[in-house]
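First comes the structure, then the notes that go with it.
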Amino acid sequence: MKKSTSFNFYSLLISWGMLMCGTSVYAQQQETSSETKFTPKFGIKGGVNFANLYVDHVQDEHLKIGVNAGFYAKLPVTRGISIQPELLYSSKGSKDTYNNLLQGSGEYRFNLNYIETPLLMVFNITPNFNLNGGAYIAYLASANVKTMRSDGTISGVKDLNAESFNRFDYGLVGGLGIDIENVTLGARYNYGMQKIGKPGQLSGDLTNNSKNSVATLFIGFAF
């Protein structure tokens, strides 16, 4: 199958863009129209994950939809630059299809559910547009395989032993956001750097030393 362009290439472009714009962001705003000074903000956010697993290159044929939700803070450092820590629940993994006489047609969804803590630097390039980048670390809370029929109903769920996998995941984060007062619309990519399966164990063999790859669309509400 045709491979999609590797997302880590876009991550590098985002990082490069932030560095190039770093000399001009000091002139941009980050407060809302009702504020007269930099104000720390705390909020909730939620969105959709487009998750996959990769070994050497990110491919698109096993893309799985998951959820991403949690809390964040935006802590201003200077005009146009903020630090943004987050605490999220993030469902990652991948999917595969099946078609046989015994089961019919459908798909297997391999779900890896993490508690994730990204830490980002946010650069407001304009008052309503920002680029952000940083790193994340995540803890695997649970894992399972769902069997889905072709009509979208669940025909079975098998819980997996999370201890059979690497409980901690980590990687790089890059994205962009559009700010409308205290509402943020954004897109982000997480490039995992930890193998999800433990070396020398069945989990490592079955997942072929794969790592997490996740693109996210989200909306956030600050208070």
Side-chain angles (χ1 to χ4, degrees), residues 4-33 35 38-52 54 58 60 63 65-92 114 116-138 169-193 211-223:
S4 63
T5 306
S6 177
F7 280 107
N8 63 328
F9 175 71
Y10 293 111
S11 299
L12 291 174
L13 285 181
I14 290 172
S15 300
W16 178 82
M18 288 190 295
L19 290 174
M20 293 298 293
C21 295
T23 58
S24 62
V25 292
Y26 70 90
Q28 306 300 337
Q29 298 177 0
Q30 62 188 18
E31 64 270 17
T32 68
S33 59
E35 296 170 346
F38 303 145
T39 305
K41 294 182 175 64
F42 303 88
I44 58 175
K45 60 180 296 189
V48 180
N49 281 348
F50 300 91
N52 208 342
Y54 79 97
V58 178
D60 59 3
L63 203 65
I65 294 178
V67 298
N68 185 296
F71 306 93
Y72 72 95
K74 192 171 183 180
L75 310 174
V77 176
T78 185
R79 184 173 294 274
I81 301 177
S82 300
I83 296 175
Q84 184 165 312
E86 300 180 357
L87 179 63
L88 307 172
Y89 170 85
S90 185
S91 180
K92 306 180 183 183
Y114 289 91
E116 186 171 285
T117 55
L119 181 62
L120 304 101
M121 292 293 295
V122 180
F123 298 81
N124 278 74
I125 306 305
T126 72
N128 299 105
F129 177 75
N130 70 72
L131 295 177
N132 54 78
Y136 77 88
I137 185 169
D169 183 36
Y170 58 88
L172 303 176
V173 185
L176 54 86
I178 298 173
D179 302 312
I180 306 172
E181 293 295 314
N182 281 326
V183 178
T184 297
L185 302 174
R188 182 178 296 174
Y189 178 68
N190 284 24
Y191 183 72
M193 301 175 70
K211 303 173 185 177
N212 283 306
S213 166
V214 183
T216 304
L217 298 177
F218 66 88
I219 182 170
F221 301 92
F223 304 101

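What you see is a predicted model, and the numbers here were worked out from it, not measured in a lab.
For the side-chain contact (heavy atoms from CB on, under 4.5 Å) test, residues two or more places apart in sequence or in another chain that qualify with Ala73 are Phe42, Leu75, Pro85. Partners of Gln84 according to the side chain to side chain donor-acceptor pair (under 3.5 Å) rule, which considers only residues two or more places apart in sequence or in another chain, are Glu86. Residues passing the side chain to side chain donor-acceptor pair (under 3.5 Å) test with Tyr170, sequence neighbours excluded: none.
Between the CG atom in Asn52 and the NZ atom in Lys211 there is a gap of 14.5 Å [rounded to 0.5 Å]. Taking OG1 of Thr216 as the reference point, atom CZ of Phe50 lies at 8.5 Å (rounded to 0.5 Å). Note that the CG atom of Asn132 and the CG atom of Leu119 stand 11.5 Å from one another [nearest 0.5 Å]. Annotation: the span from Leu172 atom CG to Tyr189 atom OH amounts to 9.5 Å, rounded to 0.5 Å. Note that CG of Asn128 is 7.5 Å distant from CD1 of Ile180, once rounded to the nearest 0.5 Å. Note: Leu185 CG to Ile219 CD1 = 5.0 Å, rounded to the nearest 0.5 Å.
Heavy-atom minimum distance, Tyr72 versus Ile44: CE2-O, 3.5 Å. The shortest heavy-atom contact between Pro76 and Ser82 is CA-OG, 3.6 Å. Taking both residues in full, the closest heavy atoms of Phe221 and Val183 are given as CD2-CG2, 3.9 Å, listed atom of the first, atom of the second, then distance. Asp169 and Met193 make their closest contact through OD1-N, 4.5 Å (heavy atoms, listed as atom of the first residue, atom of the second, distance). In terms of heavy-atom proximity, Ile81 sits nearest to Phe123 at CG1-CD2, 4.2 Å. The heavy-atom pair separating Ser91 from Ala51 by the smallest distance is O-CB, 4.3 Å.
When Asn68, Asn49, Val173, Asn212 are each tested for a side-chain contact (heavy atoms from CB on, under 4.5 Å) with Asn190, only one passes: Val173.
Two residues are said to be in side-chain contact when any heavy atoms from C-beta on lie closer than 4.5 Å; Thr184 and Phe218 meet this criterion. Residues Tyr114 and Leu88 have side chains not in contact (no heavy-atom distance under 4.5 Å, counting atoms from C-beta outward).
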Where do Asp179 and Asn130 land on the side chain to side chain donor-acceptor pair (under 3.5 Å) test, with the steps shown first?
CA-CA 8 Å; Asp179 302 312; Asn130 70 72; 3.1 Å; yes

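At least one donor-acceptor pair under 3.5 Å links the side chain of Tyr54 to the backbone N or O of Gly192.
Other residues, nucleotides and ligands contribute more than 12 heavy atoms inside 6.0 Å of the CZ atom of Phe129.
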